[in-house]
Amino acid sequence: MTPETLISARGLTRRYRTRGSGPWAPRRETVALDDVDVDVRSGSALGIIGESGSGKSTLVRLLLGLDTPSAGSVTVDGRPIDARASARSLHWLRRRTGIVFQDPYASLDPRMSVGRIVGEPLWALGVDGDRRARVREVLSDVGLDGDVADRYPHEFSGGQRQRIALARAIVHHPDILVGDEPLSALDVTVRAQILDVLRALRERDRMTLLLVSHDIGVVQNLCDDVVVMTEGRIVEEGPTEKVLLQPQAAYTRRLLASVPVIDPHRAAD
C-alpha cells in the first residue's frame, strides 16, 4: 500500500452456503469472490468490469462494509473495516462514502418527497448546518431546480430520478463515490448527460470514484484505472487506456471483442 492509497483490500473472499434443489440435498458452497487484492488511489476513478456474476458488486459491497468477507481485510485510509460492527461504529465510513445504484426508481422511496430523500443522509449522519439550503444546492449541482424538492419520484423521468439519486449520494460531501451500474438503465442521451455531471462533480470535489459498469465506453471515458473480473477473481488491472487498448489476459480480449461496434462501411450502405 502506497501513501496515496485510500482503499486497500487483501485476500478478500466471499463464500455463500446454499441449499440444494431437493429437500435432502446437501448444502453447497458458492464462491462469489476469491482471494482478491485491490488498491484504490485517493482522487482516482477505478472502473470494475466483467460479465454478470463475475463478483463486481460483491467486491464493492465488501469495500463499503455492506457485507462481511469470509476471509481477507479492507482498510480505508489505513483504518480497518469490520462489517460486523455496530452501525454507530461504522458512522465514519458512511460519512465518507456515497453510493448510486442501477435502478433510480427502486432506490427512491415513493412515499417521500425529493427534498426528504436527498436530505436523508444529512439527518442520518448528523451533518450540521442549513440542511434545506444544502439540499437545494446539491439539486442544482446535478442539474435540477431547487423547487423540485416538494415533488415526488413518480413525477420524474428515469434520467431525472438518477440525478436525484446522485444528489442524495453526494449531499453529505463524501470523498468516495460508488456507482453500481448507475447508467445502465438509462437511454444513450441521458447516459451522456449523467456522465458529464459525474465527471464535473469528480473534478470539482476531487472525489475518489468506484464505478461498476458493463459499459466499456463509460469506463474508458471516466476512469483512470480499471480491473477486469471473472469468476470472482481479478484477471487484469492497470491504467484504463493500457488495459482496454492492449489487453494481456485472454478473458479481457474476449470481453472487449464482445462489445458491439458500428461498421462505418455498412452504415454508409
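Numbers here simply count residues along the sequence, with the first being 1.
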_Pair D37 + R233, salt bridge at N-O below 4.0 Å_ = no
*Do R96 and V76 touch side chain to side chain, with heavy atoms closer than 4.5 Å?*
yes
*Under 3.5 Å, is there a donor-acceptor pair linking the side chains of S42 and E4?*
no
*Check each of E181, E51, R61 against K56 using the side chain to side chain contact (heavy atoms under 4.5 Å, CB included) test, and report the only one that passes.*
E181
_Verdict with supporting geometry, S57 and D180, side-chain hydrogen bond (donor to acceptor under 3.5 Å, both in side chains)_ = CA-CA 7 Å; S57 294; D180 192 352; 3.1 Å; yes
*asked:* With a sphere of 6.0 Å drawn around CZ of R132, does it hold more than 12 non-hydrogen atoms of other residues, nucleotides or ligands?
replied: no
_Distance to the ring centre below 6.0 angstrom and angle to the axis at most 45 degrees; does that hold for R253 and Y251?_
no
*Answer yes if L66 and L12 sit in the same cluster of Ile, Leu, Val, Met, Phe, Trp and Tyr residues linked by side chain heavy atoms under 4.5 Å apart, and no otherwise.*
yes
*Using a distance-only test with no angle check, is there a side-chain donor-acceptor pair under 3.5 angstrom linking S8 and T5?*
no
*asked:* Using the rule given for side-chain hydrogen bond (donor to acceptor under 3.5 Å, both in side chains), can you reason through D35 versus T13, listing the C-alpha separation, both sets of side-chain angles and the distance that settles it, and then say yes or no?
replied: CA-CA 5 Å; D35 195 25; T13 299; 4.9 Å; no
_Just so I know, are the side chains of R41 and D225 near enough to count as touching, which here means a heavy-atom distance under 4.5 Å?_
yes
*Would E237 and V243 count as a side chain to side chain contact (heavy atoms under 4.5 Å, CB included) if you check the C-alpha gap in whole Å, the side-chain angles of each, and the deciding distance to 0.1 Å?*
CA-CA 7 Å; E237 59 185 310; V243 171; 5.8 Å; no
*Within a radius of less than 6.0 Å around CD of E241, do more than 12 heavy atoms belonging to other residues, nucleotides or ligands occur?*
no
*Does E120 reach the side chain of V171, with side-chain heavy atoms less than 4.5 Å apart?*
no
_Atom CZ of R88: over 12 foreign heavy atoms under 6.0 Å_ = no
*Are the side chain of T230 and the backbone of S54 linked by a donor-acceptor contact shorter than 3.5 Å?*
no
_If you define the side chain from C-beta out and look only at heavy atoms, does anything of D147 sit under 4.5 Å from R136?_
no
_Flag if over 12 foreign heavy atoms under 6.0 Å of CD, E231_ = no
*asked:* Looking at R116, I'd like to know if its CZ atom is crowded, meaning that more than 12 non-hydrogen atoms belonging to other residues, nucleotides or ligands lie closer than 6.0 Å.
replied: no
*Between V190 and V100, is there a shared hydrophobic cluster once you connect ILVMFWY residues whose side-chain heavy atoms come closer than 4.5 Å?*
yes
*asked:* Side-chain heavy atoms nearer than 4.5 Å, only ILVMFWY residues, links allowed to pass through others: does that put L139 and V127 together?
replied: yes
